[in-house]
Amino acid sequence: MSDGEDDLPLSTRARVAIAGNESDSDDDVPLSARVPGATTGKRKNMSNRNRPAHKRKSSDTEDDNSSDDKPIGSLVDISDRKSTTAGGSAKKKTKRADHEPWRAKRGAKQMWSTLEHNGVVFPPPYQAHGIPLVYDGHDVKLLPHEEEVATFFAVMKDTDYAQKDIFVKNFFDGFKKTLRGGPHGFIKDFKKCDFTKIYMWNLQERERKKSVSAEEKRKVKAEQAAAEEKYCWATIDGRRERVGNYKVEPPGLFRGRGEHPKMGRVKKRIMPEDIIINIGKGAKVPEPLPGHKWKQIIHNNTVTWLCGWNDTINTKDWKYVQFGATSSIKAESDIQKYEKARKLKLAVDAIRRDYFKKMKSGSVLEQQLAVTTYLVDKLALRAGGEKDDDLADTVGVCTLRVGHIDFLPPSTIKFDFLGKDSIRYLQEHEVDPLVFHAMQRFCKGKKKDQDIFDHIDPTKVNKHLQTLMPGLTIKVFRTYNASYTLNKLLKETTPAGDSTVPMKKAAYDAANKEVAVLCNHQKGVSKAHDAQMEKLQDKKKIIEKEIAALRRDKKDTNKAKIRTLKERLSKLELQMKMKDELKSVSLGTSKINYMDPRITIAWCKHNDVPPPTVYTKALVEKFNWAMEVEPDFDF
DNA sequence: AGATAGACTTGGAATAATTTTA
DNA sequence: TAAAATTATTCCAAGTCTATCT
C-alpha cells in the first residue's frame, strides 16, 4: 500500500460510444449461433465480443419479446409460457422446464423458520389519456394498450436514450408488435410517427402535478403511504422487519447502461401469474389482484426472498423482493462481509509473497493467477466474468483484453476499459516490474481484441484465493482496500481536537473521495456544472474587487472589513475546488457498500462528530449494528 | 470440467425532499 | 418566496459467486 501510485490517476469519465457496434442489433439469436460447446475448450483465447459470432457465448433461452407474439401488456398465461421454454428450444430438454427457483439446494443453510409477509404492491393499471399519435399527418387515436407503449416513448423525447438508434429501433419493434393484428397495424414507418402531442400532454400533466398545493400533495402522499404500509413489513422468526422493494416494477422501456443491445425494449407489465411467493408454511398467503392467481406458492427457507419473478428483458434473470437494508438478515451479512475483509488484512502479506513467487517461477496459469491477484490487490479491480453478447461489452480483470492496456516503460501500465455499468476506467499505474514484464509476455503475439489472461476466469482465481485464505474471493479485496484506506486516511488527516465539526467533516469527505477514486465510483457531471462554476467565479471576482477597493483608500476601519472579506474569499475558493474535484466522483457507493461503518462510527466518537454529520438518516439506520463500536476500533 | 441457474450485493441515474440563494 | 442548488431516497440494472447440472 505504500506505493505512491494512488496519486497518478486522473480518472476521467466518459461514456464511450463504441462506434460501429450497432451492426448486430438483431435480437433473435439465430439458432445456428447456439452451437453446443461453442464456448468451451479454448474459448478464452479470443475475446467474447470480437470473437466471431458463432463462437460467442450467447443466450440460449428462447428469447424475449421478439419470439412472443402476444400483445404487450396482455396477461401472460403461464401454461403457455412454460411450454414455450420447455419445448421451444430443442436442446433445453430436461425436467428444469422453466427456471423456477422453488427447490432448496441440498446442503443449503436454513435462513428462517417462520416467515410472514403481504406480498407486493402492483403499479396502478394504465389510464388512457386519449391523446392521439400523429401518423403521416393524421391523428390516430390508439387503443389503451397501444397508447401506453407510445406514451412510454413519447415522454422520453428529451433523454439521451431517445437519441440512440438502437433504443429507437427496439422501441419501435415493440410498438409494431403491440399494434400487429389490431386496427392500427398500418403504422409501420417510424419516420411518419409524430409523438409530439403526447409529449406535450405529458409536459402539461407534469406542470399540473407540480402546481398542486403542498397541502394537497402531502395528503395524497400520506394516503398512499397508509395504503402501502402493510407491504412495507414482513415477519421473520417473529421479528417484524422492513421489506426493501415491495413494489412491482411498472412496465416501461428498458433503460440499459452503455451500449446495451436491448435498450428500448418494452418491459411488460408483471401480473400475479408471473410471481412466485415464498412464505412460511402455514402463514397466510397474500391475496393476488382480484381475479388473478400467483404463479406459485413456495416455502423455501434456505433463501431470504419474499417474492420473485422472471425478468422480461433478460429472460433468465430473476427479480426478487428482499428484506430492506435495515433488516437483521442484511445486517448479519454486512457484518460477515467486513469481518472477512479484516481477516484479509491479516492474510494479505502472505498472499503478496505468494503472488510474487508465482510470478517468477510458476506455470503460465500460475503466473496469470498471480498477476490478476496483484491487480485486484493493488487496483481494486472487479473480477470480470464472461458475459453474454446480448449485454453491453464491459470487462473486469479476468476479461481484460490486449487493447485495454498500454505499456509505458519502464513499468507503468495505462488502463482504459469500460467496467461495470459501462463506466470508463482510465488510470495509469506504476506496477512492479515483474508484473509489467509478465503482462508483456501475456500480450505478446495477441491481437487487440484477445484476452490477456487466457488461462483463467474468476472461478479459478477464487479457487486459488481460497487456498490462501478460507472464504476469500476477488470482491473481498475491494472491501478490504476501501476500508483499509479510510481507516488509514482518517488517522492521518483528521485535524486536531479543537477544530470544528465542519473541518473534521471535510477531512472525512476527503478520505471518502480517495476511496471512491480507488474504486472508480463515478457519476455524470451535472449538466449545469459549468454554468455553476462560472457563477462562483463571478462571485469570487466581486469579492476581490471589493478588497482591492478597500485597500485603495487606506482607512484604518477598512482593515477588519478586508479580513472578513478575505475569509469569505478563501472559503469560496475551497468550495470551488471541492465542487470541481467532486464533479464526477460519487462518494455514496463506497459509503454504502465498502467502508466498514465501525471505522466511521469509531471516528465519530473519537472526534465528537455526531454520526448524522456523515451518514444520512437511512445510513444511520442501516448501520445500526455498528453504533456500539468502541471509539478505538481499528479496522 | 465447463456451463449456468439462482440469489444476493453493488451501482449510477432519476426523482423527491430539503436547504440555500437571490 | 420562488428559483436554484444540494442532498437524500428510490429505482432497477448489472455485477459477483456458489451449487448444481451436463
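Reminder, nothing fancy here: chain letters follow the sequence lines and each chain counts from 1.
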Looking at [X], I'd like to know whether one of its side-chain N or O atoms comes within less than 4.0 Å of OP1 or OP2 on [N].
{"X": "A:Gln522", "N": "B:dG11", "answer": "no"}
{"X": "A:Trp318", "N": "B:dA7", "answer": "no"}
{"X": "A:Lys579", "N": "C:dT6", "answer": "yes"}
{"X": "A:Thr304", "N": "B:dC8", "answer": "yes"}

Inset, instruction - For A:Ala380, check side chain to side chain contact (heavy atoms under 4.5 Å, CB included) against everything at least two apart and list the hits. - result: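 For A:Ala380 the side chain to side chain contact (heavy atoms under 4.5 Å, CB included) partners, ignoring immediate neighbours, are A:Arg478, A:Asn481, A:Leu518.
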Tell me: [atom1] of [X] to [atom2] of [N], nearest whole Å?
{"X": "A:Trp112", "N": "B:dA7", "atom1": "CH2", "atom2": "P", "value": "13 Å"}
{"X": "A:Lys330", "N": "B:dT10", "atom1": "NZ", "atom2": "C1'", "value": "11 Å"}
{"X": "A:Leu306", "N": "B:dC8", "atom1": "CG", "atom2": "P", "value": "10 Å"}
{"X": "A:Lys527", "N": "B:dA13", "atom1": "NZ", "atom2": "P", "value": "14 Å"}
{"X": "A:Lys460", "N": "C:dC17", "atom1": "NZ", "atom2": "P", "value": "16 Å"}
{"X": "A:Leu418", "N": "B:dG11", "atom1": "CG", "atom2": "C1'", "value": "15 Å"}
{"X": "A:Ile592", "N": "B:dC8", "atom1": "CD1", "atom2": "P", "value": "20 Å"}
{"X": "A:Met156", "N": "B:dT15", "atom1": "CE", "atom2": "P", "value": "9 Å"}

Can you find a side-chain donor-acceptor pair between [X] and [Y] that sits under 3.5 Å?
{"X": "A:Ser590", "Y": "A:Asn512", "result": "yes"}
{"X": "A:Thr304", "Y": "A:Gln322", "result": "yes"}
{"X": "A:Thr394", "Y": "A:Lys387", "result": "yes"}
{"X": "A:Tyr615", "Y": "A:Thr600", "result": "yes"}

Inset, instruction - State yes or no: are the ring centers of A:His521 and A:Tyr594 separated by less than 6.0 Å? - result: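 Aromatic pair counts; centres sit under 6.0 Å.
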Inset, instruction - Pull out every residue in residues 332-342 of chain A that has a heavy atom closer than 4.0 Å to any atom of DNA chain B, ordered by number, or say none. - result: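 Correct list: A:Ser333, A:Lys337.
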Legend entry - Nearest-nucleotide comparison on DNA chain B, the residue closer to the 5′ end among A:Arg478 and A:Thr159: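 In this pair, the answer is A:Arg478.
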Legend entry - Earlier contact from the 5' end, DNA chain B, for A:Tyr594 and A:Gln322: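 First, find each residue's nearest nucleotide; the 5'-ward one identifies A:Gln322.
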Legend entry - Distance, nearest 0.5 Å, that separates CD of A:Glu249 from CH2 of A:Trp309: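 The CD atom of A:Glu249 sits 5.5 Å away from the CH2 atom of A:Trp309.
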Legend entry - Spacing of A:Tyr320 atom OH and A:Leu306 atom CG [to the nearest 0.5 Å]: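 Those atoms lie 12.5 Å apart.
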Legend entry - Donor-acceptor contact present, side-chain A:Lys622 to main-chain A:Ile592, <3.5 Å: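 Looks like yes, one N/O pair under 3.5 Å.
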Legend entry - Position toward the 5' end of DNA chain C (nearest nucleotide), A:Gln532 or A:Thr459: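 Final value for this comparison: A:Gln532.
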Heteroatom pairs (N/O) under 3.5 angstrom, protein to nucleotides 8-16 of chain C:
{"from": "C:dT9", "atom 1": "OP2", "to": "A:Thr616", "atom 2": "OG1", "distance (Å)": "2.9"}
{"from": "C:dC11", "atom 1": "OP1", "to": "A:Lys247", "atom 2": "NZ", "distance (Å)": "3.4"}
{"from": "C:dA13", "atom 1": "OP1", "to": "A:Lys267", "atom 2": "NZ", "distance (Å)": "3.0"}
{"from": "C:dA13", "atom 1": "OP2", "to": "A:Lys319", "atom 2": "NZ", "distance (Å)": "2.6"}
{"from": "C:dA14", "atom 1": "OP1", "to": "A:Arg257", "atom 2": "N", "distance (Å)": "2.7"}
{"from": "C:dA14", "atom 1": "OP1", "to": "A:His260", "atom 2": "ND1", "distance (Å)": "3.2"}
{"from": "C:dA14", "atom 1": "OP2", "to": "A:His260", "atom 2": "ND1", "distance (Å)": "3.4"}
{"from": "C:dG15", "atom 1": "OP1", "to": "A:Thr394", "atom 2": "OG1", "distance (Å)": "3.0"}
{"from": "C:dG15", "atom 1": "OP1", "to": "A:Asp421", "atom 2": "N", "distance (Å)": "3.0"}
{"from": "C:dG15", "atom 1": "OP2", "to": "A:Lys387", "atom 2": "NZ", "distance (Å)": "2.5"}
{"from": "C:dT16", "atom 1": "OP1", "to": "A:Ala383", "atom 2": "N", "distance (Å)": "3.1"}
{"from": "C:dT16", "atom 1": "OP1", "to": "A:Gly384", "atom 2": "N", "distance (Å)": "2.6"}
{"from": "C:dT16", "atom 1": "OP2", "to": "A:Gly385", "atom 2": "N", "distance (Å)": "3.2"}

Inset, instruction - Assign A:Lys591 to base, sugar-phosphate, or nothing according to its heavy-atom contacts below 4.0 angstrom with the strands shown. - result: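 No contact.
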Inset, instruction - Would you please name every residue forming a salt bridge (Lys or Arg N to Asp or Glu O under 4.0 Å) with A:Lys420, sequence neighbours left out? - result: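 With neighbours one apart ignored, the set is empty.
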Legend entry - Over 12 non-hydrogen atoms of neighbours within 6.0 angstrom of NZ in A:Lys217: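 Result for NZ/A:Lys217: enclosed.
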For nucleotides 17-22 of chain B, which of its nitrogen or oxygen atoms have a protein nitrogen or oxygen under 3.5 Å away, and what is each distance?
{"from": "B:dA17", "atom 1": "OP1", "to": "A:Lys221", "atom 2": "NZ", "distance (Å)": "2.6"}

Legend entry - Residues which pass side chain to side chain donor-acceptor pair (under 3.5 Å) with A:Asn278, listed by chain and number, not counting sequence neighbours: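 For A:Asn278 there are no side chain to side chain donor-acceptor pair (under 3.5 Å) partners, ignoring immediate neighbours.
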